[in-house]
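Beneath this line is the structure, given in structure tokens, with notes to follow.
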There are 2 protein chains.
Amino acid sequence: MAAREDTGEQEDMAAREHRAAEESVVAYGALERRIGYALRRAQIAVFQDFYRAVAAHAISPAQYSVLTIMENNPGLSQTQVADALGIKKTNFVAMIKELEARGLALRTPMPHDRRSFALSLSAAGAALVARLHADSEAHEARIRRAIGEEAYGALFPALRGIVRALRADHGECSEHAGG
Amino acid sequence: MAAREDTGEQEDMAAREHRAAEESVVAYGALERRIGYALRRAQIAVFQDFYRAVAAHAISPAQYSVLTIMENNPGLSQTQVADALGIKKTNFVAMIKELEARGLALRTPMPHDRRSFALSLSAAGAALVARLHADSEAHEARIRRAIGEEAYGALFPALRGIVRALRADHGECSEHAGG
DNA sequence: GTTATATAGTTATTGTCCATAACCAATAAA
DNA sequence: TTTATTGGTTATGGACAATAACTATATAAC
């Protein structure tokens, strides 16, 4: 790519193959009709943009989702928040502990069940999540502008429809989703 | 939030909290308007369905994407295939070697550049990929049926639009996408 | 031709995210 | 009271992504 403009010369096979290979636009074949492939690439691009949008706060999409759930449902237990986001409770432990260590989340022992904690946002956590919402709104707007209002608006029901349909199919096994 | 509808009853706190917590529909707040979150959950659901669809062949979405690129572009080098899929060449090594070990991929030393290999499918690989296409077509049809033809058809341009727009924004840094 | 630079593939290493199994303490059910 | 279940925890492994550093070739510059 870098080098060799086509010289019109009679380059030998090696050179031709080499150059052709480099310039060639690869054919994606069936991959172009695979929703999973399209989803994966879009999801990665969006996450990268999200990271960039909230870079100042060092928050991952997954952490943002946890903070948002705590904001909207204060008092839930770890298992409940984890379930809501499709995260295994075992993997949720480290996450919530880090948020607690950073002074964003509170774990209040539940009075009537000494096994569990009521999760909520600290003042700092609430303040942060407000800024995260603002920042990620901007990131959201960027995407909306990029693909147009209608396409953007149609995306949500379509994606939720996929999740619902496949979950029903699979006997609603796991739920998942990190961010 | 989530929890506790006011039942008016006087069940004791413990019981009420417990039951309410279990039944409660958690509020997702801003997460419902985050395309990244919707994408992530959909992507995970679709990948799970893909795994299920091709379970008999023990092929991951990423492996499927590699096989498909090799099928449509025989003779590409490792770096080229990796680039096409947004995989780092260093992480691609193990992938291609496993496909080779399983007798699905061929790595033919290039005559004119002794550093590189021309990748292609073996007969077995070609046969397998044909079955993978068929199986994943069925999986694709399942999704198409679930959300309707139009929504399904609109999804591809929308997702590609997102990728293109964000890549342009980000100065086209990395590309990514495993499957 | 020799030197310098770039490239293809590789290894080693690290981090992240998701999954399982096993455990303790506390609660609920029998 | 015995038993089963549940909330949280640790330990551990697998898949995928990212970086640095190396080798052997190949190309470019002198």
Side-chain angles (χ1 to χ4, degrees), chain A residues 1-4 11-12 14-15 17-19 21-22 40-41 43-44 47-48 51 58-63 65-66 76-83 85-98 100 107-119 173-179, chain B residues 12 14-15 17-19 21-22 40-41 43-45 47-48 50-51 58-66 76-83 85-98 100 107-119 173-179:
Chain A
M1 188 152 289
R4 22 228 11 265
E11 7 182 36
D12 64 313
E17 275 180 359
H18 183 251
R19 193 217 21 155
E22 277 188 322
R40 175 98 177 115
R41 295 201 76 131
Q43 182 254 304
I44 290 176
F47 268 36
Q48 282 188 341
Y51 270 111
I59 288 289
S60 71
Q63 289 173 320
S65 71
V66 171
L76 290 192
S77 70
Q78 293 188 190
T79 302
Q80 288 173 317
V81 172
D83 281 355
L85 292 170
I87 303 171
K88 298 270 168 190
K89 66 179 181 176
T90 137
N91 295 321
F92 187 72
V93 175
M95 294 185 65
I96 188 63
K97 283 195 173 170
E98 199 207 318
E100 187 188 28
R107 300 202 302 160
T108 315
M110 282 200 166
H112 299 298
D113 187 338
R114 286 181 304 184
R115 291 171 301 180
S116 55
F117 300 96
L119 303 186
C173 36
S174 74
E175 287 209 7
H176 285 294
Chain B
D12 68 303
E17 275 180 358
H18 180 254
R19 191 217 26 142
E22 276 188 324
R40 177 91 175 119
R41 296 202 75 130
Q43 183 254 306
I44 290 176
F47 268 36
Q48 282 188 340
F50 179 91
Y51 270 111
I59 288 289
S60 70
Q63 289 172 319
Y64 174 66
S65 71
V66 171
L76 290 192
S77 70
Q78 293 187 192
T79 301
Q80 288 173 320
V81 173
D83 281 356
L85 292 170
I87 303 170
K88 298 268 169 191
K89 67 180 180 176
T90 138
N91 294 321
F92 187 72
V93 175
M95 293 186 66
I96 188 62
K97 283 196 173 169
E98 199 208 316
E100 186 188 29
R107 300 202 303 160
T108 316
M110 284 200 162
H112 300 298
D113 187 338
R114 286 182 304 182
R115 292 172 301 179
S116 55
F117 299 96
L119 303 186
C173 36
S174 75
E175 286 211 6
H176 285 295

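Each chain gets a letter, A, B and so on, in the order the sequences are listed, and its residues count up from 1. FYI, side chains are in, hydrogens and waters are out, and symmetry mates aren't considered; it's all heavy atoms of this structure.
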Review point. Which one, dA11(D), dC17(C), dT10(C), comes nearest to the side chain of Thr90(A)?
Key: dA11(D)
Exercise for review: Check whether any side-chain N or O of Arg114(B) sits under 4.0 Å from OP1 or OP2 of dA24(D), and answer yes or no.
Suggested key: no
Point to revise | Shortest non-hydrogen separation from Lys89(B) to Ala82(B) and the atoms involved | key: CA-CB, 4.1 Å
Revision key, fill the gap. On DNA chain C, more 5' by nearest nucleotide between Asn91(B) and Tyr51(A) is Asn91(B)
Review point. Is the distance from OP1 or OP2 of dC18(C) to the nearest side-chain N or O of Arg40(B) less than 4.0 Å?
Key: yes
Review point. Could you state the NZ-P distance from Lys88(A) to dG13(D), rounded to the nearest angstrom?
Key: 19 Å
Practice item. Could you work out which one of dG9(C), dC18(C), dT10(D) sits closest to the side chain of Lys97(A)? Key: dT10(D)
Exercise for review: Applying side chain to side chain contact (heavy atoms under 4.5 Å, CB included), name anything that partners Thr90(B), two or more places apart in sequence or on another chain.
Suggested key: Lys88(B)
**Study point:** First of Ser60(A) and Lys89(B) reached from the 5' end of DNA chain C, by closest nucleotide
**Key:** Lys89(B)
Practice item. Ignoring hydrogens and angles, answer whether the base of dT6(D) and the side-chain atoms of Ser116(A) contain a donor-acceptor pair closer than 3.5 Å. Key: no
Practice item. Report yes if a donor N or O on one partner sits less than 3.5 Å from an acceptor N or O on the other, where the partners are the side chain of Thr79(A) and the base of dT6(D); otherwise report no. Key: no
Check your understanding: Any side-chain N or O of Gln63(B) less than 4.0 Å from the OP1 or OP2 oxygen of dA15(D)?
Key -> no
Point to revise | Check: Arg115(B) side chain, dT7(C) base, donor-acceptor under 3.5 Å | key: yes
Exercise for review: Could you check whether Phe117(A) gets within reach of a base, just the sugar-phosphate, or nothing at all, counting any heavy atom under 4.0 Å?
Suggested key: sugar-phosphate
**Study point:** Nearest listed nucleotide, side chain of Asp113(A), among dC18(C), dA8(C), dA26(C)
**Key:** dA26(C)
Review point. Taking all atoms of both residues into account, what is the closest heavy-atom pair of Pro109(A) and Arg107(A), and its distance?
Key: CD-O, 3.5 Å
Review point. Looking at Phe50(B) and Ile59(B), what are the two nearest heavy atoms and their distance?
Key: CE2-O, 3.9 Å
Check your understanding: Does any non-hydrogen side-chain atom of Tyr51(A) lie less than 4.5 Å from one of Pro61(A)?
Key -> yes
Review point. Below 4.0 angstrom from OP1 or OP2 of dG7(D), is there any side-chain N or O of Gln80(A)?
Key: no
